[in-house]
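To start, the structure itself, in structure tokens.
Please read all numbers here as calculations on a predicted model, not as lab measurements. The first residue of the sequence shown is numbered 1, and numbering continues consecutively from there.
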Amino acid sequence: MSLETPKRVALLGSTGSIGTQALDVLRAQPGRFVVSALSAQSNADLLVAQAREFRPAAVVIGDESKYAQVRDALANQPETEVLAGADALVEVAGRLDTDVVLTAMVGYAGLLPTVAAIKAGHDIALANKETLVVAGQLITELVRQHGVKLLPVDSEHSAIFQCLVGEQQNPIEKIILTASGGPFRGRTRAQLAQVTRAQALKHPNWDMGAKITIDSASLMNKGLEVIEAKWLFGLSNEQVEVIVHPQSIIHSLVQFEDGSLKAQLGLPDMKLPIQYALGYPQRLPNEFPRFSFLDYPQLTFEAADTTAFRNLGLAFEAMRRGGNAPCILNAANEIAVAAFLRDEIGFLQMSDVVETSLARVSYLAAPTLADYVATDQETRRVAAELLGTVRA
């Protein structure tokens, strides 16, 4: 695509942390991009403001009770179609006249719209890691069948993707995902038992939404990224490792068969991986802050503690089991995190809900898309029932 032809971007989840940063990226690149669609789950006011600024062909509000509010607010903008509900989002994702769909929705909700966008032949800028966690084999096969690009937006996966450019003929020995360790790095399980919601929402390096911030604090986010990386880069379970790097400057590393390591470095800012995915294969000029080694004279590394932070170990276990086990892991975690954010369970009890759900929910070795949907529903029911048990 030439620079004279703007790239059309559909942004699913435009009012969240990734979505708002993505729009900042687009604002800073006038003439290079146009917005073809926007969606939000419930933040109708911000969605309307974004639609008035970017004037997309379609907007979707997930919360159907807010449809009239959005429709009426955009009544004088006839070029923008207003729809509501999860089914409408899937339908729009599958019929858009667009070049790339940035999936910035949080959680399982991103799966079906992403499937629809792939089947419609759209390239995917993937910020919704749960899509590959839940249905990695199915998604990667659909990507192959429809000949679309799957461009990672997570900083760690973007780092690996960037390190692999030009290395198509060189097999990977392993990849190393870096983790900051979150706000509770070095704490024991006894100390973690006293963690509060407010403490868990204070990440030392990254500014993210509530759900992913809690996942980062519990290291579940890194566990989900491990599973995502396996499918993104066609790796075996044994080829994915995690190391704690508190400064969050090295975003991940690739080791090749000759022992050489390549790493991508930068400040902890999601705008760079967002821009790289949207502008790929070009590296677009920008005014983002630049990294200086003199500001970070020491970069340190340590092993991840899967004893204190059980979620990371549970994610590795789910990846090894395969089938619908990662889907169970994800759904149970979504229920547990929501309960923790409501102050209904403690920090360590989130892992209890996930571990017990993995043991109780029906295991399927070769699930279909319908099976994933059913597994998600069953797991949410089981996990919700478990909340009363772990509170006791």
Tell me whether [X] contacts the main-chain N or O of [Y] through its side chain, where contact means a donor paired with an acceptor under 3.5 Å.
| X | Y | result |
| --- | --- | --- |
| His157 | Phe161 | no |
| Arg95 | Ala93 | no |
| Gln275 | Leu284 | yes |
| Lys7 | Phe33 | no |
| Arg320 | Ala315 | no |
| Ser14 | Ser39 | yes |
| His251 | Gly266 | yes |
| Asp371 | Thr368 | yes |
| Asn43 | Leu46 | yes |
| Asp123 | Val148 | no |

With a 4.5 Å cut-off on side-chain heavy atoms, are [Y] and [X] touching?
| X | Y | value |
| --- | --- | --- |
| Glu334 | Asn330 | yes |
| Glu167 | Lys262 | yes |
| Tyr276 | Gln264 | no |
| Val133 | Ile227 | yes |
| Leu369 | Leu112 | yes |
| Val9 | Val34 | no |
| Asp269 | Gln21 | yes |
| Leu89 | Met105 | yes |

Any donor-acceptor N or O pair under 3.5 Å, side chains [X], [Y]:
| X | Y | value |
| --- | --- | --- |
| Gln77 | Thr80 | yes |
| Asp63 | Ser42 | no |
| Asn311 | Lys222 | no |
| Thr131 | Asn128 | yes |
| Gln349 | Asp352 | no |
| Arg187 | Gln194 | no |
| Asn286 | Gln29 | no |
| Glu385 | Thr389 | no |

Please name the pair of heavy atoms, one in [X] and one in [Y], separated by the smallest distance, quoted to 0.1 Å.
| X | Y | answer |
| --- | --- | --- |
| Ile212 | Gly209 | CG2-O, 3.3 Å |
| Pro152 | Ala277 | O-CB, 3.9 Å |
| Ile18 | Ile274 | O-CD1, 3.9 Å |
| Ala58 | Val92 | CB-CG1, 4.3 Å |
| Asp99 | Pro6 | OD2-O, 4.1 Å |

With rounding to the nearest 0.5 Å, note down the distance linking [atom1] in [X] to [atom2] in [Y].
| X | Y | atom1 | atom2 | answer |
| --- | --- | --- | --- | --- |
| Cys327 | Leu111 | SG | CG | 8.0 Å |
| Glu257 | Glu173 | CD | CD | 7.0 Å |
| Gln69 | Ser65 | CD | OG | 8.5 Å |
| Arg197 | Leu341 | CZ | CG | 5.5 Å |
| Leu314 | Leu219 | CG | CG | 11.5 Å |
| Leu74 | Glu81 | CG | CD | 12.0 Å |

If Ile, Leu, Val, Met, Phe, Trp and Tyr residues are connected whenever their side-chain heavy atoms lie under 4.5 Å apart, and connections chain through other members, are [X] and [Y] in the same group?
| X | Y | value |
| --- | --- | --- |
| Ile175 | Leu132 | yes |
| Tyr363 | Leu386 | no |
| Tyr280 | Leu150 | yes |
| Leu12 | Ile139 | yes |
| Leu126 | Val106 | no |

Self-check item: Check against salt bridge (Lys or Arg N to Asp or Glu O under 4.0 Å), Lys211 and Glu130
Solution: CA-CA 12 Å; Lys211 196 268 183 182; Glu130 292 86 354; 3.6 Å; yes

Quiz item: Can Thr15 and Leu38 be said to form a side chain to side chain contact (heavy atoms under 4.5 Å, CB included), step by step?
Solution: CA-CA 9 Å; Thr15 61; Leu38 296 168; over 6 Å; no

Self-check item: Ring centroid separation Tyr296 to Phe291 under 6.0 Å
Solution: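 Centroid distance Tyr296-Phe291: below 6.0 Å, so yes.
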
Does [X] [atom1] have over 12 foreign heavy atoms under 6.0 Å away?
| X | atom1 | value |
| --- | --- | --- |
| Asp343 | CG | yes |
| Asn237 | CG | yes |
| Gln298 | CD | no |
| Gln137 | CD | no |
| Arg71 | CZ | yes |

Exercise. Given side chain to side chain contact (heavy atoms under 4.5 Å, CB included), test Val115 with Leu142 step by step and report yes or no.
Key: CA-CA 8 Å; Val115 168; Leu142 283 175; 3.9 Å; yes

Practice problem: Any ring-ring contact (aromatic ring centres under 6.0 Å, His included) involving residues 305-360? Give me the pairs, sequence neighbours left out, ordered by first then second residue. | Solution: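 Found Phe184-Phe347, Phe340-Phe347.
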
Quiz item: Is a salt bridge present between Lys119 and Glu141, judged by a nitrogen-to-oxygen distance below 4.0 Å?
Solution: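 A salt bridge is absent here (no side-chain N lies under 4.0 Å from a carboxylate O).
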
Quiz item: Is Lys129 salt-bridged to Glu156, cutoff N-O under 4.0 Å?
Solution: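 Looking at Lys129 and Glu156, the cut-off is not met.
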
Exercise. For a side chain to side chain contact (heavy atoms under 4.5 Å, CB included) with Thr178, tell me which candidate from Pro246, Ser248, Ser155, Ser252 qualifies.
Key: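 Single side chain to side chain contact (heavy atoms under 4.5 Å, CB included) partner of Thr178 among Pro246, Ser248, Ser155, Ser252: Ser252.
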
Exercise. Report the C-alpha distance between Leu23 and Gln50 in whole Å, list the side-chain angles of each, state the deciding distance to 0.1 Å, and finish with yes or no for side chain to side chain contact (heavy atoms under 4.5 Å, CB included).
Key: CA-CA 9 Å; Leu23 291 176; Gln50 292 172 343; 3.4 Å; yes

Quiz prompt | side chain to side chain contact (heavy atoms under 4.5 Å, CB included) between His122 and Leu96, intermediate numbers included | solution = CA-CA 9 Å; His122 304 317; Leu96 284 170; 4.1 Å; yes

